[in-house]
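Have a look at the structure below before the remarks.
Whatever order the structure lists ligands and atoms in, that order sets their numbers, starting from 1.
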Amino acid sequence: MTNRHGFLTMVVLTKGDLDQIALPAAQPPAADVRAIDLSATGPARAAAARALVAACEEQGFFRVTGHGVPPGLVRAAEAAAARFFALPQTDKEASAGLRLGYASKRIGSGGDLGWIEYLLLSVTPAGAVPLASSASPLPCAPAAAATLATPSCPLRELLGEYSAAVRRVACGVLELMAEGLGVAPTDALARLVAREDSDSMLRVNHYPPRPDLGDGGGGGGGGQNLTGFGEHTDPQIISVLRSNGAPGLQISLRDHAWASVPHDGDGDSFFVNVGDTLQVLTNGRFRRVKHRVVVNSERSRVSMIFFGGPPLGERLAPLPALLADGGRSRYREFTWKEYKGSGCRGRLADDRLCRFEN
Ligand SMILES: C=C1C[C@]23C[C@@]1(O)CC[C@H]2[C@@]12CC[C@H](O)[C@@](C)(C(=O)O1)[C@H]2[C@@H]3C(=O)O
Ligand SMILES: O=C(O)CCC(=O)C(=O)O
Ligand SMILES: [Fe+2]
């Protein structure tokens, strides 16, 4: 099947599949996304820390500037990923030996579908344990992959370099957060992601333009949009996202209305979202953000997301400083391994945290 741009579609979706991912054509209003300058010093840093706390309390979503990641590294990683996705489908599917965790159409193992193909990689050894993933980032036996048949896999190396840089951004954000919250030591949050045994992952998503299925709409149901990545919250502490600027990401606001994430002015920011675990660590003061990707674009969207997670055995509970004055914990203590396991066979949109509420 080819779409109206002449691209070979990555997977053949049945009419039933398309019915499942069709969405109404409505384009929600733009979200007001706060910018936080990570390079601020002196009084400006204290102001940035306060703004960061406010953004996490109100929206669970913001963007960071002044992060220090070389634009050349970002462009190189994005371009290499785009080249990978442009390979013939058989080559992408044969890439298992390169440990890129390639998969398409299916997200997790609970039956979620999306107009998407992706790479899912562990950034740290602990990340090799997948979270209900259909694309196993587990090390696989070396295999001869058609076009990328090189034992060292330059794409994986580049993505490794990229994740190391973005992991530093995640830690910088978490330090500024601790400062803003008045939590000591200021690495109380960042150390969870900085530790060698942190369970962090990198995901590279590709959403091809919506195909023309000749029905005047977006597949079944007469919708004109397709779900790229269904609504969900990220289970980890924080996620740091960068995209090639093609639209599609939407966040859910406090009133549950969807809002589109506009392209950042200079194209150099990273978007950050609060995950389930940070909501727990802050005893609900920070709000995890529900988000999704909707495809209705002339352009392919490529996004790269670093998920900063704690070590598998880490016991998760609100930080004592945030429980001061006899405050009651809203969550019972659990380990990250337990949390990952509990979400395993569920659907993307499930509320995985409610099981741990007191
Ligand atoms: C249905 C699922 C896919 C997912 C694991 C889960 O059980 C629920 C959360 C999903 C998510 C969302 C953020 C990341 O993209 C991801 C890798 C993660 O850690 O949690 C995915 C998981 C996945 O695609 O396997
Ligand atoms: O691709 C995107 O822009 C967001 C995807 C996402 O939310 C995820 O991979 O968890
Ligand atoms: Fe997400």
(message) If you take the centroid of each ring, where Trp contributes its six-membered ring, are Tyr331 and Phe356 closer together than 6.0 Å?
(response) no

(request) Considering the heavy atoms of Gly343, write down every atom of ligand 1 situated less than 4.0 Å from one of them. (result) 7 (O)

(message) The test is side chain to side chain contact (heavy atoms under 4.5 Å, CB included); show your working for Val173 and Val240 and say whether it passes.
(response) CA-CA 10 Å; Val173 168; Val240 184; 5.9 Å; no

(message) With a cutoff of 4.0 Å, is Lys340 in contact with ligand 1, counting heavy atoms of the residue only?
(response) no

(request) Check for a donor-acceptor pair, side chain of Asp197 on one end and backbone N or O of Thr124 on the other, with a separation under 3.5 Å. (result) no

(request) Give the single entry among Gly101, Gly108, Gly111, Gly230 that approaches atom 3 (C) of ligand 1 most closely by any heavy atom. (result) Gly108

(request) Any atoms of ligand 1 less than 4.0 Å from a non-hydrogen atom of Ile107? List them with their elements. (result) 24 (O)

(request) Return the set of residues passing side-chain contact (heavy atoms from CB on, under 4.5 Å) with Ala246 (not counting sequence neighbours), or none when no residue passes. (result) Asn244, Arg299, Arg301

(request) Give yes or no for whether the N/O distance cutoff of 3.5 Å, strictly under, is met between Arg203 and ligand 1. (result) yes

(request) Report the member of Gly110, Ala103, Ala349, Gly346 with the shortest heavy-atom distance to atom 1 (C) of ligand 1. (result) Gly346

(request) Using a strict cut-off of less than 4.0 Å between a Lys/Arg side-chain nitrogen and an Asp/Glu carboxylate oxygen, indicate whether Arg285 and Glu57 qualify as a salt bridge. (result) yes

(request) Validate the cation-pi geometry between Arg210 and Trp115: distance from NZ or CZ to the six-membered ring centre under 6.0 Å, angle to the ring axis within 45°. (result) no

(message) Below 4.0 Å, non-hydrogen atoms only: which portion of Phe229 touches ligand 1? Side chain, backbone, both or neither.
(response) side chain

(request) State whether the shortest distance between N or O atoms of Gln236 and N or O atoms of ligand 1 falls below 3.5 angstrom. (result) yes

Could you pull out all donor-acceptor pairs under 3.5 Å where a side-chain atom in residues 179-188 meets a protein atom, sequence neighbours excluded?
residue	atom	partner	partner atom	Å
Glu179	OE1	Arg45	NE	3.0
Glu179	OE2	Arg45	NE	3.3
Glu179	OE2	Arg45	NH2	2.7

(request) Scan for ring pair (Phe, Tyr, Trp, His ring centres under 6.0 Å) pairs involving residues 278-320, sequence neighbours excluded, and state none if there are none. (result) His232-His291

(request) Check Asp234 and report its N/O/S atom nearest to the Fe ion (ligand 3), by atom name. (result) OD1

N or O contacts of ligand 2 with protein under 3.5 Å, please list pair by pair.
residue	atom	partner	partner atom	Å
ligand 2	1 (O)	Asn205	ND2	3.0
ligand 2	1 (O)	Tyr207	OH	2.6
ligand 2	1 (O)	Ser303	OG	2.6
ligand 2	3 (O)	Arg301	NE	3.3
ligand 2	3 (O)	Arg301	NH2	2.7
ligand 2	3 (O)	Ser303	OG	3.4
ligand 2	7 (O)	His232	NE2	3.1
ligand 2	7 (O)	His291	NE2	3.0
ligand 2	9 (O)	Asn205	ND2	3.2
ligand 2	10 (O)	His232	NE2	3.1
ligand 2	10 (O)	Asp234	OD1	3.3

(message) Check this for me, if you would: do Arg332 and Glu338 make a salt bridge, where the nitrogen-to-carboxylate-oxygen distance has to be below 4.0 angstrom?
(response) yes

(message) For Tyr118 and His206, I'd like to know if the aromatic rings sit close, meaning centre-to-centre distance below 6.0 Å.
(response) no

